[in-house]
Amino acid sequence: MGTGVLFDIIAGILLTGSVLSAVHHAEVVAHKVGEPFGTIILALCITIIEVALIISLMVAGGDQAITLARDTVFAAVMLILNGILGICILVGGVKYYEQFFARTSATTYLVSIVSILVLTLVLPNFTSSVNGPFYNKPQLIFISIACLVIYGIFLMVQTVRHRNYFIVPEEHPEGVYIPSNSKTVISFVFLVICLAIVVMMAKGLSTTIENMVQGFGAPKSLVGVIIAAVVLLPEGVAAIRAARSNQIQSSLNLALGSALASIGLTIPAVSAVCIMYDIPLVLGLDKKDIILLSLSVFIVMLSLSRGKTNVLYGTVLLVNLAAYIFTVIVP
């Protein structure tokens, strides 16, 4: 018992230090490569490690883990759209009253996110080739290719053809410190290491978290929400710090970019593993979750439609997050 408690304390300390360190190194890399590349790097790093964590747990869990990918992706999307985005908008609104961003960037993100969300988490409930919230193998291959096409074209738009959509010049004044190449490489290596530690600590603490959740009598699905929150901590802290510095465009790039990468890359990767290992994969959400997801996406679309934010938008998103977590605990 004493050893277990000591391990949890050490893991918690390592987790906190890794999150703070990851945010620092991500900011160093972002200063070097500029926007929107800096936020893309952080989103991709965390998504790749998140995918590795999901796949390792699914392969080890077999048929008992058939809903793991769906639950993790759904929890990540809800936490990002309502939690990270809501806190950023609320923090910025409290400090600056209104913050301004490029509406074209929000529209570009949301068009891609909504399409992939419906294809991966809603449509499986309404296909007839297989009974239940499943895709058969040809459908799974098609949906995976569709996700990769949408995400690939989005990256091309974000970094090449319409990069100006995702940059607000006033957020990046002249004279900003630019780190050297060597320092940037070192920071990138440490960024990957810190993110790996975050995921390993989340995986190591999963049993402790599960026991704690069961001790409170809460449903097991809450474990996935807590682990997703831990994995998203570096992105969340970085996005909130950007909002506090009146860089709401960077916050949006981090939050919405992470949501898009989370579903656009995770589903194809997990689908490939499930096809290879012949593991059933449940993707379709139940009716309650579809309603909560639709509400969240609709409120985000309305909140970002005017190109400026205020405290009300952030408050409503956080209330949506509270409703989601409450209905996980009290279904």
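Just the heavy atoms: all of them, side chains too, but no hydrogens, waters or symmetry mates, feed the values below.
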Task: Closest contact, heavy atoms only, Lys95 versus Arg244 - done: NZ-O, 3.2 Å
Open item on the list: Distance alone, cut at 3.5 Å: any donor-acceptor contact between the side chains of Ser180 and Ser182?
Closed with: yes
TODO: State whether the number of non-hydrogen atoms from other residues, nucleotides or ligands found under 6.0 Å of Phe188 atom CZ is greater than 12.
DONE: no
Task: ILVMFWY network linking Leu85 to Val319, side-chain heavy atoms under 4.5 angstrom - done: no
Open item on the list: Working note: Tyr109 + Phe166, criterion ring pair (Phe, Tyr, Trp, His ring centres under 6.0 Å); need CA distance, chi angles, decisive distance, verdict.
Closed with: CA-CA 10 Å; Tyr109 277 120; Phe166 305 88; 5.4 Å; yes
- [ ] Please report the shortest heavy-atom distance between Ala106 and Phe101, naming the atom on each side.
- [x] CB-CE1, 4.1 Å
Open item on the list: Count I, L, V, M, F, W, Y as connected when their side-chain heavy atoms are under 4.5 Å apart, and connections chain through other members. Are Phe142 and Leu140 then in the same cluster?
Closed with: yes
Task: Donor-acceptor contact below 3.5 Å, side chain Ser262 vs main chain Ala259 - done: no
Open item on the list: Are Val111 and Phe298 linked, directly or through intermediate hydrophobic residues, by side-chain heavy-atom contacts shorter than 4.5 Å (ILVMFWY only)?
Closed with: no
Open item on the list: Give me the atom names and distance for the closest heavy-atom approach of Arg70 to Val282.
Closed with: CB-O, 3.2 Å
- [ ] Look at the aromatic rings of Phe190 and His25 and report parallel, tilted or perpendicular, splitting at 30° and 60°.
- [x] parallel
Open item on the list: Looking at Thr104, is its backbone amide N or carbonyl O close enough to the side chain of Thr107 to form a donor-acceptor pair, meaning the two atoms are under 3.5 Å apart?
Closed with: no
- [ ] State, to 0.1 Å, how close Ala261 and Tyr151 come at their nearest heavy-atom pair, and which atoms those are.
- [x] CB-OH, 3.6 Å
- [ ] For the residue pair Ser296 and Asn320, confirm or rule out a side-chain donor-acceptor distance under 3.5 Å.
- [x] no
- [ ] Could you pull out all residues at least two apart from Lys288 that satisfy side chain to side chain contact (heavy atoms under 4.5 Å, CB included)?
- [x] Asp286, Leu292, Thr327
Open item on the list: Side-chain heavy atoms nearer than 4.5 Å, only ILVMFWY residues, links allowed to pass through others: does that put Ile291 and Leu293 together?
Closed with: no
TODO: Measure from the side-chain N and O atoms of Arg161 to the backbone N and O of Met156, and report whether any donor-acceptor pair falls under 3.5 Å.
DONE: no
Task: Same cluster (ILVMFWY, side-chain, under 4.5 Å), Val297 and Leu260 - done: yes
- [ ] Could you check Ile84, Ile113, Thr108, Ile80 and say which one makes a side chain to side chain contact (heavy atoms under 4.5 Å, CB included) with Leu256?
- [x] Ile113
- [ ] State, to 0.1 Å, how close Ser112 and Ile150 come at their nearest heavy-atom pair, and which atoms those are.
- [x] CB-CG2, 3.8 Å
Task: Non-hydrogen atoms of Leu110 and Val300 that approach each other most closely - done: CD2-CG1, 3.8 Å
